[in-house]
Every structure is written in C-alpha cells, then in structure tokens.
Amino acid sequence: MKIKNRLESIIAQSLHSLSLPNDKVIVSEASKIEFGDYQFNGMMAIAKKMKTNPRELALLVMNNIKDDEMIAKMEVAGAGFINIWLKDNFLSSNINILLNDDRLGVAKSLKTQRVVLDYSSPNMGKQMHVGHLRSTIIGDALGNLFEFLGDEVIRQNHIGDWGTQFGMLIAYLEENKTSSNSSLSDLESFYQNAKKRFAEDEAFANKSRENVVKLQAKEEHALKLWDEFIDTSLHHCEYVYDKLGVNLKREDIRGESFYNDDLPVLLEDLDKLNLLTQSQGASCVFLNENLPPVIVKKSDGAYLYATTDLSALRYRTKQLNASRICYVADSRQAEHFKQIFEVAQKASFVEEQTRLEHIGFGMVMDKSGKPFKSRDGGTVKLIDLLDEAILRAGESIKKRDEYSEVELQNIASIVGIGAVKYADLSLHRESNYMFDWNKMLSFEGNTALYIQYAYARINSILERFDGKLDGNVLIGDELEHRLALMLLRFEDVLLKASLEAMPHVISSYLYDLVTLFMKFYENNPILKDGIQKDVKMSRLILSFATANIIKKALKILGIKVANKI
RNA sequence: GCGUUCGUAGCUCAGCUGGAUAGAGCACUCGCCUUCUAAGCGAGCGGUCUCAGGUUCGAAUCCUGACGGACGUACCA
C-alpha cells in the first residue's frame, strides 16, 4: 500500500486549509526510531517563506491534521520537524492483504505505459561472457519490476547478428559441416579457428568476402548457412538464459539484421531533413558543440552501430508504439546514447513525449580493482562463471547438512545463481562492482543467501505448525510494530525502485526486512511452549507475510527461493 | 586538451530531489544454543564523509575550484 502518499496528502490538506504552500509535500521514513515512523521536514522551509517561527507553524499544522485512521500520534521536534507514529491497529488490519493476494497489496498502475526494454544483446559470433552479465541481470529485473507495477513491457534483445565477420564464420561453418556436428559447440574456439583460417588461407579469405556480398544480396545458400549459425549461437544463449533464470525468449529477439533494409531508407530520410553532412567521405549528422558528430555511413559505404540504433529507435516508437524506451547498457556508452537520442529527436523519429533512457551500469572488477578476467587474461565465459557459482554453492551447503543428490543440485543452483544475481543487483548499478566469490556466497551481510536462509527458516516454522492461519495480527511490542510497517512499505519501495530504475532499492529493503525479522524471531518466540494461542497466530501471520514479501521481491529480482536450505 | 563520472570506517558498500548525534556488512574483541534452522542474535572497536571556499536557519548531499582515480573523446560494438 502507498503509505507515504497518504501521509503526504494528509499533510498537504492541513497546509492547504491553513492557506500555506503545499505543492511539494514530501514525507520520509523517520531517520531514527525515536522520531517515530515517518517525518515531515518541510515546515522549516515553509516557515521561512512565511517569515514565521517554524516550531509554532509546525504545531499549527500538526494540530490541524484530521486523521483518525492511520496516525496514532504526532509531535513537533527539533527545529520544526513533524514526527509521525502510525497506529498499531492500522498496521495490523492491513497485514491480511499480504497473506492471500498475489499482488501483496501493490496496486497496478492506473495508466499503463508501453515500455521497450533493450537488454542483454549478446554477439552471435562469440560465447556470452561476463560483459553481458550486468545488462542481462539488471534488464531482466527491471522488466519484472515494470511489469509487476502494471506497465506493458516489450523486451528487445538487440543481438549482434550482422557484420563482416559472419562471412568468415559461415565459410568456416560450411567447410566443417561434414566433419563434425560439434564444431560449433564452443563458439569461442570456432571463432578463433575461423579467424586463423582467414589469416592463413587466401582462398578461404576470398570465400569469406564473397559470403559477405552474398549475405548482403540475400543469396539463398548464404542466408541458410547464416540462419543455421545464428540458430546454434542462440541455443548457446538460451542455455545461459535458462540457467540464469532470465525471461528472454525467441520472440524478444530483434537483432541488427532486422534493421538492415531500413538503413538506406533511414539515410534518405535524414538527407531529406537536411540533417546529413558529408565529411571526409562519410555521412554524418552534426549535433551541438558538446557532442561529437554521429557517423551514419562510413566512407567505404558501410553502416554502423549508430545507424542501426537509430533505425531501431524509430521502429520502437513508430511500430511498437513505445512511450518509454530503456537501454540497459554499459555506462561507457553514455555519450553514444546521448548522440542517437538527439539525432532521433531532431529527425522526429520519436515523439516529443517519448521518454528515452540509457540505464547505465559500471564494470565488473576483480578484487584488485582491475576489469574482471579469467586466469589466462581472457574474458570469462558466462556459462563457466555460472557453473562455478553452482559448484561453490554446493560445496558450501554440503558442509552444513545432509542432502540427497537431487536436493543438493537444486538448492546449489538456487543459491549459486541467486548469489551471482543478488551481488550485482544489491549494488548501485552506476558504480563499478567488485566480483568476490567469498563475499557473494557468504551467509552474512547483504547477500542472497542471508535472505534465502531467512525464507527457509520461516518456511520451516510454518511447516512445523502445519495448521490453518486464521486470526489477526496483534501488535504486542515495538519490534512487531516495525516489522508490520516494514511489510506494508513494500509498494512504496517498488515505486521508488521503478522510478529510478534502481534494483538495489529493492535489495536494501529486503535486507532491512530480513534483519528486522531475525530480531523479531530471536525475541518473540512463536511455537515455543507457553505462547498464548492468539499471540502464536499473530506471530505466524507476521512470519508468513514476511515470507511472501521475500519471495515476491526476490522473484522480481529474478532470484528463486528454496523451502529448505 | 575537452567531456562524463567517482572519492564516505582498515576492506566492500548504503545514504546524495538539503534536515535532527553519518549507517550496514566484513575484519577485530566480547557475550548468547537442555529452547522454533547459531548459515542466527546482541555488545564493543572503528569517521576532519579527499581538500578549500560558497549558498543556507541547516551541507556527505547543491554550486565553484583544487587534488586523486576510472571511463569516453567522428568512420568498433
């Protein structure tokens, strides 16, 4: 439920009826427990504007507030802060919506927007590597989030499936077709071998170049080979997506090749709009002084990444009717996106109100702060990284308990993959992050395992109870009050995460929630002897509601839970 | 050179649309299992928020400058 909103409008009303400025009332969570549940800090600024004493004005506003549903008490403190405590009754009576409702009390947004989300975008000539990890994970989590909040999300996997290297790759594919089916099993070495052939054998190199021409001309045989290559390559990706638990499907693919035919048209259109300038043999669009020009056609006649991106942008507004277009891509590409957004606006490829966003992220570093590489200095294949995560998780789990082989594999996968994703999603996406196996697979601190473990413990309590949850929440102490409130804050948290496209807002919340639950669990026995029946039921309900929120929040992040760890 | 961005505890990070005494985790020290999963909880230790100015009743947060790092800087993606 939207708690902040409600408090804000209650305060705004009071301000309004006193003829005080009330346009941007912002209520925030209290910075300290002693200050209550929420606080309003705006009185000092308003008093300043009205040239009166802030404390006196705050008192006036506070006493003018009419609400007998949510607010238990208020006080004016310090320089003129208004501190707010919520009613136990209000909290407890709303917990029930967290029990059986799949939306957990989160409203669907009233105006659905159509959002195009561009993420992952692997290169078909190569195996997926760590470089694709962040875009894939962050993009997928944001997709889940937007969707859950009610937007219509169109995922677009802008795969790299076109370019001169494919002439070489399909030449090599044809050459090795009869020898072995497994020649494509490792794209990396396939690419290396093809490259080697290209360098060493003139006839092969010529064949490769011919293939490029044939592909451009849509020659049937060449296209068939290309199709075959892309299909196999996509299977590699899908294998990774499946292991990662990522929602990208075949129908989300709209690769570079899709826009091929449009590129000459795009050039013509830019030309008609008088946006093209010939410079050193290349066709460019010049922008303002702060941005370098965008080259849309090279002097040798070839198109570039920027050209395809412009075409895609146009397709996404004109054909897909997106009102918001998000690119989940490396922060280093910030300037590139700035450029193409500006060209698209100049050329009216997008509507004026279309929201264009580059959702950037930092790099993955190793412990010494250098870009993350494998031991031999090469890129780390994503699939190897995931397998290692699962292996490490399994080793770690094995030490603690007895499991059947099937059980172990299942939990190891949930924990291992969860660890990798959570480590990424729990940090501010814009900053570089340090890849550290020990840290991400730790049971302590803000990690997936700590959260998943809490879920498993709650599950264990509920299993042990093995009865029907039927009763009311009775808030008996400060901890239960805080826990109930934390649970009800879920919607506010999702909205904030969505607004800023920041998944870590969700993970911080989860960590706070679980920490709080653990305190509650230590101090407020549930199934132990001597606990009154209604108190027991109340605590069970709080626990169940916590489990539901954990499960849902993790699901949005793309992370699974296990009933037992 | 120009541009973008970052600089918070020994380490890894939150907090940044200005608010009250700057928060976590790890590490370190010490407590808590005949009691619901101790993979947990509690306590302690640890800070001139890089520096210098400015705006403000109030600055880690906004502005300017300096220093330090990362990244980008027209025919790669």
Side-chain angles (χ1 to χ4, degrees), chain A residues 24 26 28 30-32 34-35 39-45 47-48 54 77-81 83 121 123 158 160 163 256 279-287 289-306 308-309 329-336 338-339 360 362-363 365 367 369 371 396-397 399-401 426-428 430-434 436 438-439 442-447 449-450 452-454 456-465 500 504-505 507-508 511-512 515 518-519 521-531 536 539-540 543 564-565:
Chain A
K24 41 180 183 206
I26 293 171
S28 50
S31 57
K32 280 185 168 42
E34 308 91 85
F35 300 154
Q39 61 185 71
F40 176 59
N41 305 330
M43 285 318 302
M44 281 81 86
K48 178 102 187 161
F81 301 92
N83 295 336
S121 310
N123 191 312
H158 193 83
E256 289 172 355
S279 173
Q280 297 167 36
S283 306
C284 316
V285 180
F286 279 83
L287 301 164
E289 292 154 12
N290 301 321
L291 284 173
V294 182
I295 296 179
V296 285
K297 192 177 182 184
K298 301 204 292 184
S299 49
D300 68 1
Y303 300 107
L304 298 106
Y305 180 52
T308 315
D309 260 345
D330 199 320
S331 287
R332 285 175 297 187
Q333 296 184 49
E335 194 167 64
H336 162 76
K338 222 181 262 177
Q339 286 174 303
M363 294 188 290
M365 312 296 234
K367 265 195 249 180
S396 161
I397 289 162
K399 288 185 203 146
R400 304 287 172 169
D401 210 343
S426 60
L427 294 179
H428 196 290
E430 299 270 19
S431 50
N432 295 341
Y433 94 87
M434 225 152 275
D436 181 343
N438 292 332
K439 204 183 147 198
S442 168
F443 314 99
E444 293 155 335
N446 189 6
T447 66
L449 194 43
Y450 177 74
Q452 286 167 327
Y453 174 66
R457 280 179 94 169
I458 297 173
N459 193 260
S460 158
I461 298 165
L462 294 171
E463 269 178 13
R464 197 175 276 260
F465 167 67
E500 298 166 8
H504 86 283
V505 169
S507 20
S508 311
Y511 181 62
D512 290 344
T515 306
M518 284 300 183
K519 283 183 191 150
Y521 173 87
E522 291 287 330
N523 291 289
N524 302 23
I526 302 168
L527 298 179
K528 291 184 184 176
D529 292 341
I531 306 297
K536 181 190 285 185
R539 290 177 181 171
L540 278 165
S543 303
K564 176 192 162 188
I565 288 180

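Here is how names work: the chains are called A, B, and so on, in the same order as the sequence lines, proteins then strands, and each is numbered from 1. Just so it is clear, the values below take in all heavy atoms, side chains as well, and ignore hydrogens, waters and symmetry mates.
Among the nucleotides B/rA39, B/rG40, B/rG19, the one closest to any side-chain atom of A/Tyr450 is B/rG40. With distances taken from any side-chain atom of A/Cys284 to the nucleotides B/rG40, B/rA74, B/rA39, the minimum falls on B/rA74. The side chain of A/Ser396 has B/rA39 as its nearest neighbour among B/rA39, B/rA77, B/rG19.
Within 6.0 Å of NZ on A/Lys564 lie more than 12 heavy atoms contributed by other residues, nucleotides or ligands.
If you take CZ of A/Phe81 and P of B/rG18, they are 13 Å apart, rounded to a whole angstrom. Counting to the nearest Å, the P atom of B/rC41 and the CZ atom of A/Phe443 are 14 Å from each other. Atom CG of A/Asn41 and atom P of B/rU56 are 21 Å apart (whole Å). Note: CG (A/Asp309) to C1' (B/rC76) measures 13 Å, nearest angstrom. In this structure, A/Gln39 places its CD atom 14 Å from C1' of B/rG58, rounding to the nearest Å. If you take CD of A/Gln333 and P of B/rA77, they are 11 Å apart, rounded to a whole angstrom. In this structure, CG of A/Asn459 is placed 17 Å from C1' of B/rG40, rounded to the nearest angstrom. Atom-to-atom, CG of A/Asn123 to P of B/rA77 comes out at 10 Å; the value is rounded to the nearest Å.
In this structure, the aromatic ring of A/Phe35 is positioned over the six-membered ring of the base of B/rA20, centres within 5.5 Å and planes within 30°.
Between the A/Ser543 side chain and the A/Arg539 main chain, a donor and an acceptor come within less than 3.5 Å of each other. Side chain of A/Thr515 to backbone of A/Tyr511: a donor-acceptor contact under 3.5 angstrom is found. Of the possible polar contacts, one joining the A/Gln39 side chain to the A/Ser31 backbone as a donor-acceptor pair under 3.5 Å is found.
Looking at heavy atoms from C-beta onward, A/Leu540 lies in side-chain contact with A/Leu527 at the 4.5 angstrom threshold. Side-chain contact check for A/Leu291 versus A/Glu335: some heavy-atom pair is nearer than 4.5 Å. Side-chain contact between A/His158 and A/Thr308: present, with at least one pair of heavy atoms (C-beta onward) separated by less than 4.5 Å. A/Leu304 places none of its side-chain heavy atoms less than 4.5 Å from the side chain of A/Val294. Put simply, the side chain of A/Met363 does not reach to within 4.5 Å of the side chain of A/Ser331, judged on heavy atoms. Side-chain contact between A/Met518 and A/Tyr453 is present, with at least one heavy-atom pair separated by less than 4.5 Å. A/Gln339 is not listed as a side-chain neighbour of A/Val285, based on a closest heavy-atom distance of 4.5 Å or more. Proximity of A/Ser299 to A/Gln280: side-chain heavy atoms (C-beta onward) are nowhere separated by under 4.5 Å.
Taking atom C1' in both B/rA9 and B/rA22, one finds a spacing of 11 Å when rounded to whole Å. Nucleotides B/rG72 and B/rA77 place their C1' atoms 14 Å apart, quoted to the nearest Å. A distance of about 48 Å separates the C1' atoms of B/rC45 and B/rG1, rounded to the whole Å. B/rC49 sits 35 Å from B/rC32 when the C1' atoms are compared, rounded to a whole Å. Rounded to whole Å, the C1' atom of B/rG47 lies 15 Å from the corresponding atom of B/rC11. Separating the C1' atom of B/rU64 from that of B/rU55 is a span of 11 Å, rounded to the nearest Å.
Here A/Lys32 does not reach the OP1 or OP2 of B/rA22: none of its side-chain N or O atoms lies under 4.0 Å away.
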Margin query: Within the 4.0 Å limit for protein heavy atoms, which parts of nucleotides 27-37 of chain B are touched? Write it as a string from 5' to 3', B for base, S for sugar-phosphate only, - for none.
Written below: --------BBB

Margin query: Please encode protein proximity along nucleotides 3-14 of chain B as a string of B, S and -, counting only heavy-atom distances under 4.0 Å.
Written below: ---------SSS

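Scanning atom types as modelled, one donor and one acceptor separated by under 3.5 angstrom connect the side chain of A/Ser279 and the base of B/rA74. The base of B/rA20 lies close enough to the side chain of A/Asn83 for a donor and an acceptor atom to sit less than 3.5 Å apart.
Residue A/Glu34 is the one, among A/Asn446 and A/Glu34, whose nearest nucleotide of RNA chain B lies closer to the 5' end (criterion: closest heavy atom). With the nearest nucleotide of RNA chain B identified for both A/Ser299 and A/Ala77, A/Ala77 has the one nearer the 5' end.
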Notebook entry, point to check: If pairs are Watson-Crick or G-U with both distances under 3.5 Å, what is the dot-bracket string of RNA chain B, marking crossing pairs with [ ] and pairs to another strand with |?
Noted result: (((((((..((((.....[...)))).(((((.......))))).....(((((..]....))))))))))))....

Notebook entry, point to check: Yes or no on side chain to side chain contact (heavy atoms under 4.5 Å, CB included) for A/Phe465 and A/Ile526, after CA distance, side-chain angles and deciding distance?
Noted result: CA-CA 10 Å; A/Phe465 167 67; A/Ile526 302 168; over 6 Å; no

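Contacts of A/Met518 with the nucleic acid, taken as non-hydrogen atoms under 4.0 Å apart, involve only primed sugar atoms and P, OP1 or OP2.
Taking the six-membered ring for Trp and thresholds of 30 and 60 degrees, A/His504 and A/His428 have ring planes inclined between 30 and 60 degrees apart.
Regarding the sugar-base torsion, B/rC26 falls in the anti class, its angle being beyond 90° of 0.
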